[in-house]
Trainee: 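One structure coming up, written as structure tokens, with questions to follow.
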Amino acid sequence: DAKTTQPPSMDCAEGRAANLPCNHSTISGNEYVYWYRQIHSQGPQYIIHGLKNNETNEMASLIITEDRKSSTLILPHATLRDTAVYYCIVRVESGGYQKVTFGTGTKLQVIP
Amino acid sequence: GAVVSQHPSWVICKSGTSVKIECRSLDFQATTMFWYRQFPKQSLMLMATSNEGSKATYEQGVEKDKFLINHASLTLSTLTVTSAHPEDSSFYICSARVSGGQGAITGELFFGEGSRLTVL
């Protein structure tokens, strides 16, 4: 079962920062927070992941609260191409045989 | 980066026929692959976990005799929809977990482009 909750939809003006929240209150100590996005009719694309420290890459920043029960994905300057469904997932990094399930995600609409 | 390729990307078939979808990891080895199904405007639903050299583990409510999964090598898993019917029309997506290979971190998960099945 999915272990995360996200708002179903959000709007963001083009050029502004998009902040997408995710609650994962039952996260285990060895589980990472992963973010993927899915542009219409394509497979999910990896964005970023983290354990407890904030992370940044060329696509986004990930802010994880100190208690690790929630996180925020930040797209610093949203463009129209960032319109997609964003999924927050918790899983162990090495994976093993842990299955990976998706919640409902947040549909981000970037508005011109 | 690591690439997962699905084939075909779209397929149309007649009701009652069987359709095979391939999922290949192109530059890494994957002992574990996942198959998902996605209906319009819905999230990805995990169908089964495919482990190389062993039987797949199916999620509750997924008919293993209808959705045959074979994972005979470290780079290939196949999903066969047997006796397809219009209600099987969906977007099928596979993902592969890196277990080895150059250029990818062990444990990382990569997704295919998806295969859209339309059953007439």
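Chain letters run A, B, ... following the sequence lines, proteins first, then strands; residues in each count from 1.
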Trainee: State yes or no: are the ring centers of B:Phe111 and A:Phe102 separated by less than 6.0 Å?
Mentor: yes
Trainee: Taking side chain as everything from C-beta outward and backbone as N, CA, C, O, which of these in B:Leu46 sits under 4.5 Å from a heavy atom of chain A? Side chain, backbone, both or neither.
Mentor: side chain
Trainee: Does NZ or CZ of A:Arg91 come closer than 6.0 Å to the centre of the six-membered ring of A:Tyr34, within 45° of the ring's axis?
Mentor: yes
Trainee: Between A:Thr65 and A:Asp67, do the side chains contain an N or O donor and an N or O acceptor separated by less than 3.5 Å?
Mentor: yes
Trainee: Side chain, backbone, both or neither: which part of A:Gln38 has a heavy atom under 4.5 Å from chain B?
Mentor: side chain
Trainee: Could you check A:Thr72 against A:Asn19 for side-chain hydrogen bond (donor to acceptor under 3.5 Å, both in side chains), going step by step and ending with a plain yes or no?
Mentor: CA-CA 6 Å; A:Thr72 301; A:Asn19 297 280; over 6 Å; no
Trainee: Flag the one option from B:Arg116, B:Glu59, B:Met45 with the top tally of heavy-atom pairs under 4.5 Å to chain A.
Mentor: B:Glu59
Trainee: By a 4.5 Å heavy-atom criterion (distance strictly below it), what part of A:Val100 contacts chain B: side chain, backbone, both, or neither?
Mentor: both
